[in-house]
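Below you'll find the structure, written out as structure tokens, and then a few comments.
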Amino acid sequence: MKKIEVACPTCKKKFAYYSSEFRPFCSERCRLIDLGQWLTESYAVPVQKLTEDEQQTLEQLINEKNSDEESSDEDDLR
Ligand SMILES: [Zn+2]
């Protein structure tokens, strides 16, 4: 069987494509980091393994970001 080596989009490490369950990423960690960056743009998520609390925090950040875009400058009225 032919081995295909690709570079992980997150950590740039080369790995055998079909050896990873999380392709195109080398690991779950890299997949979650990429997902976190995509959802929150440049917010850096130091993901090891997400606990339930951390998942909620991430969801909150995503929700806050979404509501930020809708509420525009109204929060600044004093
Ligand atoms: Zn990686």
Side-chain angles (χ1 to χ4, degrees):
M1 203 165 118
K2 209 171 162 185
K3 263 200 177 176
I4 299 174
E5 286 224 321
V6 294
C8 169
T10 301
C11 68
K12 315 294 181 201
K13 200 175 77 181
K14 287 205 167 184
F15 67 100
Y17 190 77
Y18 293 109
S19 74
S20 171
E21 285 175 52
F22 307 104
R23 53 188 182 254
F25 305 98
C26 69
S27 64
E28 185 181 23
R29 182 174 170 271
C30 287
R31 189 177 66 99
L32 289 172
I33 289 170
D34 188 78
L35 186 69
Q37 284 176 347
W38 182 75
L39 290 171
T40 63
E41 286 170 24
S42 59
Y43 184 81
V45 187
V47 180
Q48 294 297 334
K49 189 160 180 139
L50 288 177
T51 63
E52 231 167 78
D53 273 4
E54 285 168 336
Q55 266 174 14
Q56 279 173 5
T57 306
L58 187 60
E59 275 164 29
Q60 261 172 22
L61 283 168
I62 293 159
N63 289 339
E64 276 169 24
K65 184 173 161 52
N66 289 342
S67 57
D68 270 5
E69 280 163 11
E70 279 163 33
S71 65
S72 68
D73 294 331
E74 281 168 318
D75 288 349
D76 291 331
L77 293 175
R78 262 170 218 173

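Heads up: numbering here begins at 1 and tracks the sequence. Remember, it's 1-based here, ligands and their atoms both numbered in the order they're listed. Side chains included, hydrogens not; waters and symmetry mates left out as well; all remaining heavy atoms used. Given the structure is predicted, the values throughout are model-derived calculations rather than measurements.
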Looking at every non-hydrogen atom in both residues, tell me the closest pair between Pro9 and Pro24 and how far apart they are.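 Looking at all heavy atoms of both residues, the shortest contact is CD-O, 3.1 Å.
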Show the nearest heavy-atom pair for residues Ala7 and Phe15, with the distance to one decimal.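 Closest approach of Ala7 to Phe15, heavy atoms only: C-CE2, 4.2 Å.
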Group every Ile, Leu, Val, Met, Phe, Trp and Tyr by side-chain heavy-atom contacts under 4.5 Å, then state whether Ile62 and Leu35 land in the same group.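 Yes, Ile62 connects to Leu35 through the hydrophobic network.
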Transitively linked via ILVMFWY side-chain contacts under 4.5 Å: Phe22 with Tyr18?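 Unlinked, Phe22 and Tyr18 end up in two clusters.
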For atom CD of Glu5, decide whether the heavy atoms of other residues, nucleotides or ligands shown that lie under 6.0 angstrom number more than 12.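 For Glu5, atom CD is crowded (more than 12 foreign heavy atoms under 6.0 Å).
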Using a cut-off of 2.8 Å, how many protein N, O or S atoms lie below it in distance from the Zn ion (ligand 1)?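 Counting protein N, O and S atoms closer than 2.8 Å to the Zn ion (ligand 1) gives 4.
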For the pair Asp53 and Gln56, evaluate side-chain contact (heavy atoms from CB on, under 4.5 Å) and give the outcome as yes or no after the intermediate values. CA-CA 5 Å; Asp53 273 4; Gln56 279 173 5; 4.3 Å; yes
